[in-house]
Amino acid sequence: MTSKLAVLCALLAGSLGAADRTILAIGAHAGDMEISAGAVLAKHARAGDRVVLYHLTLGEGGNPKMSREAYGEQKRREALAAGKALGAEVLFGPYEDAAIPRDDRSAKVVAEVIAKVKPTYVITHWKNSIHRDHALTYTIVDDAVLLASVAGVRGLRGIYYAENWEDPDGFQPYVYLDVTSSFDDWKKAVTQYEFIRGGISSFAYLEYYEALARVRGAQAGRKYAVAFDIGPLGKKRVLDSLP
């Protein structure tokens with residue numbers, strides 16, 4: 001397999017049995033990280049790693065048939081149920097759907113979460129998106145990681161960008177993780193959300209991400225896989241000779 005399709009059988013260097021890592025997944029809306037990276041989170045949770053979901057907003061504006069308050073309450077319940085199914089802790093941000101601010105304070109808010117959670121790895125949105133909240137989340141997380149580092153937070157080994165149908169521009173699958181063993185856990189978790197089960201959006205969320213996992217699995221020589229992009233510094237390798 002070519003280096004462009006570099007297949008890693010774990011999200012990070014080392015085996016999944018290390019049980020000494022914390023994975024922090026930061027999404028713009030409740031459901032974003034579960035649908036795109038939930039199978040990875042479930043696999044790490046089952047391996048004994050700490051997994052934390054941080055939703056900047058509930059995504060309360062996503063149901064035209066319900067008020068924002070009522071749907072927000074529903075999304076909060078669904079997020080807690082999904083987190084339980086994944087084996088993850090769930091944290092909620094202070095922002096409203098489609099109103100994440102473009103300012104320094106938002107980065108400080110996320111930096112405070114990073115300082116509290118002390119993640120080994122962060123998973124979040126890719127930088128290019130048709131959805132304003134997703135693109136802003138990328139920028140906020142990038143700034144927050146820097147702020148946390150300057151404040152003395154250490155131990156973060158890398159940021160991984162999840163594959164989302166709304167964030168396709170420039171996304172390149174670079175790291176592949178076999179999620180065959182956690183695929184059923186993922187499906188149980190994401191179907192806690194009504195918008196994923198169907199009936200709210202015309203987009204076939206569950207079918208799309210099931211098919212995507214099968215495609216990435218075929219590319220990786222596995223049954224099911226999840227792919228991530230990483231930043232350019234993460235792709236830099238310094239060798240004394242060809243591996």
Side-chain angles (χ1 to χ4, degrees), residues 1-13 15-16 23 25-47 51 53 59 82 85-88 121-131 133-135 137-138 158-232 234-235:
M1 188 164 290
T2 68
S3 59
K4 190 173 182 180
L5 293 179
V7 178
L8 304 183
C9 293
L11 176 61
L12 314 160
S15 68
L16 271 172
I23 316 299
I26 304 174
H29 317 97
D32 284 341
M33 288 295 104
E34 295 97 315
I35 192 66
S36 59
V40 173
L41 302 180
K43 186 170 186 176
H44 278 274
R46 301 301 181 266
V51 174
L53 282 158
L86 292 175
Y121 299 94
V122 168
I123 299 174
T124 192
H125 292 280
W126 176 238
K127 61 184 177 182
N128 299 319
S129 180
I130 62 176
H131 200 305
D133 284 353
H134 293 194
T137 298
Y138 168 93
I159 304 175
Y160 288 74
Y161 303 109
E163 189 170 18
N164 187 296
W165 78 272
E166 292 176 298
D167 311 344
D169 188 18
F171 181 92
Q172 291 293 321
Y174 188 80
V175 174
Y176 289 67
L177 176 65
D178 179 6
V179 295
T180 306
S181 64
S182 58
F183 195 74
D184 288 342
D185 294 329
W186 167 81
K187 193 169 183 178
K188 178 181 178 181
V190 298
T191 52
Q192 301 299 317
Y193 286 101
E194 183 184 1
F195 84 91
I196 291 174
R197 295 194 302 271
I200 295 177
S201 171
S202 61
F203 187 81
Y205 282 93
L206 187 61
E207 292 81 359
Y208 176 88
Y209 285 97
E210 283 182 320
L212 182 61
R214 189 67 192 94
V215 169
R216 297 307 184 205
Q219 293 172 337
R222 304 291 191 272
K223 185 174 182 180
Y224 295 109
V226 169
F228 296 93
D229 205 343
I230 62 176
K235 297 174 182 178

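Owing to the predicted nature of the structure, the values given are computational and were not obtained by experimental measurement. All values below were derived from every heavy atom in this structure, side-chain atoms included, with hydrogens, water molecules and symmetry-related copies excluded.
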Quiz item: Rounded to the nearest 0.5 Å, what separation is found between the NE2 atom of H29 and the OG1 atom of T137?
Solution: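 The OG1 atom of T137 is 7.0 Å from NE2 of H29, to the nearest 0.5 Å.
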Exercise. Nearest 0.5 Å please: distance from the CD1 atom of I23 over to the NZ atom of K43.
Key: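 I23 atom CD1 to K43 atom NZ measures 12.5 Å (nearest 0.5 Å).
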[X] and [Y]: which non-hydrogen atoms are nearest, and at how many Å?
X: D185; Y: A42; answer: CB-CB, 3.9 Å
X: A25; Y: L41; answer: CB-CD1, 4.0 Å
X: Y176; Y: A220; answer: CD2-CB, 3.9 Å
X: S36; Y: A162; answer: OG-CB, 3.5 Å
X: A135; Y: S129; answer: N-CB, 4.0 Å

Exercise. Would you check if the side chain of T191 reaches a backbone N or O of R197 as a donor-acceptor pair within less than 3.5 Å?
Key: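 Not at all, since once roles are kept as given, no pair shorter than 3.5 Å links the two residues.
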Quiz prompt | Heavy-atom donor-acceptor pair, Y209 side chain to W165 backbone, under 3.5 Å | solution =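 Present.
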Report yes if the side chains of [X] and [Y] come closer than 4.5 Å at any heavy-atom pair, otherwise no.
X: E34; Y: L53; value: yes
X: W186; Y: E210; value: yes
X: Y160; Y: V175; value: yes
X: L86; Y: V51; value: no
X: I159; Y: I230; value: no
X: R222; Y: R216; value: no

Quiz item: Does the side chain to side chain contact (heavy atoms under 4.5 Å, CB included) test come out yes or no for I26 and I123, once each step is laid out?
Solution: CA-CA 6 Å; I26 304 174; I123 299 174; over 6 Å; no
Practice problem: Please step through side chain to side chain contact (heavy atoms under 4.5 Å, CB included) for the pair F228 and E163, ending with a clear verdict. | Solution: CA-CA 6 Å; F228 296 93; E163 189 170 18; over 6 Å; no
Exercise. Mark yes or no: K223 above the aromatic ring of F183, with NZ or CZ under 6.0 Å from the six-membered ring centre and no more than 45 degrees from the axis.
Key: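 No, K223 does not sit over the ring of F183.
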Self-check item: Distance-only polar pair, side chains of H125 and N164, donor-acceptor under 3.5 Å
Solution: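 Result is no, nothing qualifies.
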Quiz prompt | No-hydrogen, no-angle side-chain donor-acceptor test under 3.5 Å, D32 and H134 | solution =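 Yes, a side-chain donor-acceptor pair sits under 3.5 Å.
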Quiz prompt | Stepwise side-chain hydrogen bond (donor to acceptor under 3.5 Å, both in side chains) check, H131 with D167 | solution = CA-CA 8 Å; H131 200 305; D167 311 344; over 6 Å; no
Quiz item: So Y208 and F203, ring-ring contact (aromatic ring centres under 6.0 Å, His included) or not? Walk me through it.
Solution: CA-CA 8 Å; Y208 176 88; F203 187 81; 5.4 Å; yes
Practice problem: Show your reasoning for whether side chain to side chain contact (heavy atoms under 4.5 Å, CB included) applies to R46 and S182. | Solution: CA-CA 8 Å; R46 301 301 181 266; S182 58; 5.7 Å; no
Self-check item: Verdict with supporting geometry, F171 and Y161, ring-ring contact (aromatic ring centres under 6.0 Å, His included)
Solution: CA-CA 9 Å; F171 181 92; Y161 303 109; 8.6 Å; no
Quiz prompt | Close aromatic pair by centroid cut-off 6.0 Å: Y205 and F195 | solution =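 So the answer is yes for these two rings.
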Quiz item: Hey, is D229 close enough to K235 for a salt bridge, meaning N to O under 4.0 Å?
Solution: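 K235 and D229: salt-bridged.
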Quiz item: Is it true that atom CG of N128 has more than 12 heavy atoms of other residues, nucleotides or ligands lying nearer than 6.0 Å?
Solution: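 Yes, because the 6.0 Å sphere around CG of N128 holds more than 12 heavy atoms from other groups.
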